[in-house]
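By convention here, the first residue in the shown sequence is residue 1. Only heavy atoms go into these numbers, but all of them, side chains included; no hydrogens, no water, no symmetry mates.
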Amino acid sequence: SFLYAAKGLRYAFSTQRNFRIHVGFAFGAFLLGFSLGLSKSDLAIMALTATSVLVVELLNTAIEAVVDLAIGKRFHPLAQVAKDCSAGAVLVASISSLLIAVLLLLPPILNQ
């Protein structure tokens, strides 16, 4: 099952531009956090929030794939609702993650 999970991550990273963007921002935030000397608890909070965005992005990709499989090329308003809601979940998680990053990173940046 670990190999299937790795295939899923590889698929998301290679096909989903937003997943790559989220990974890049998370990596950048951690580099900045380490360079600013954030505490272990602050880094843990950043890890949890960044991971939550990646998890929701993976679920969004899975939902889109299942909806596409179920309806094919046809349009169905409920399919659009499912895709829009899963994209909205990614947006909410991303905004939350950004807010937490600002709250954790801005004070040390301003104190330098």
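- Here the side chain of S97 pairs no donor or acceptor atom with the backbone of A93 at under 3.5 angstrom.
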Would you be so kind as to tabulate the donor-acceptor pairs closer than 3.5 Å made by side chains of residues 3-12, with sequence neighbours excluded?
none

> Yes or no on side chain to side chain contact (heavy atoms under 4.5 Å, CB included) for F19 and T61, after CA distance, side-chain angles and deciding distance?
Replying inline: CA-CA 9 Å; F19 188 80; T61 300; 6.0 Å; no

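- L104 belongs to a hydrophobic cluster with F30, L32, F34, L36, L38, L43, I45, M46, I100, L105, I109, counting contacts under 4.5 Å between side-chain heavy atoms of Ile, Leu, Val, Met, Phe, Trp and Tyr, direct or through other members.
- In terms of the side chain to side chain donor-acceptor pair (under 3.5 Å) criterion, N18 has no residue partners (sequence neighbours excluded).
- Expressed to the nearest 0.5 Å, how far CG of L98 lies from CG of L103 amounts to 9.5 Å.
- With sequence neighbours left out, the side-chain contact (heavy atoms from CB on, under 4.5 Å) criterion links S1 to no other residue.
- Interatomic distance, CG of N111 versus CG of L106, reported as 9.5 Å (0.5 Å rounding).
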Residues 84-91, side-chain donor-acceptor partners within the protein, below 3.5 Å, at least two apart:
residue: D84; atom: OD1; partner: Q80; partner atom: NE2; Å: 2.8
residue: D84; atom: OD2; partner: Q80; partner atom: NE2; Å: 3.4
residue: S86; atom: OG; partner: N60; partner atom: OD1; Å: 2.5
residue: S86; atom: OG; partner: A82; partner atom: O; Å: 3.2
residue: S86; atom: OG; partner: K83; partner atom: O; Å: 3.0

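- In this structure, the side chain of T51 does not engage the main chain of L48 through any donor-acceptor pair within 3.5 Å.
- In this view, R17 and R20, I21 satisfy the side-chain contact (heavy atoms from CB on, under 4.5 Å) rule, not counting sequence neighbours.
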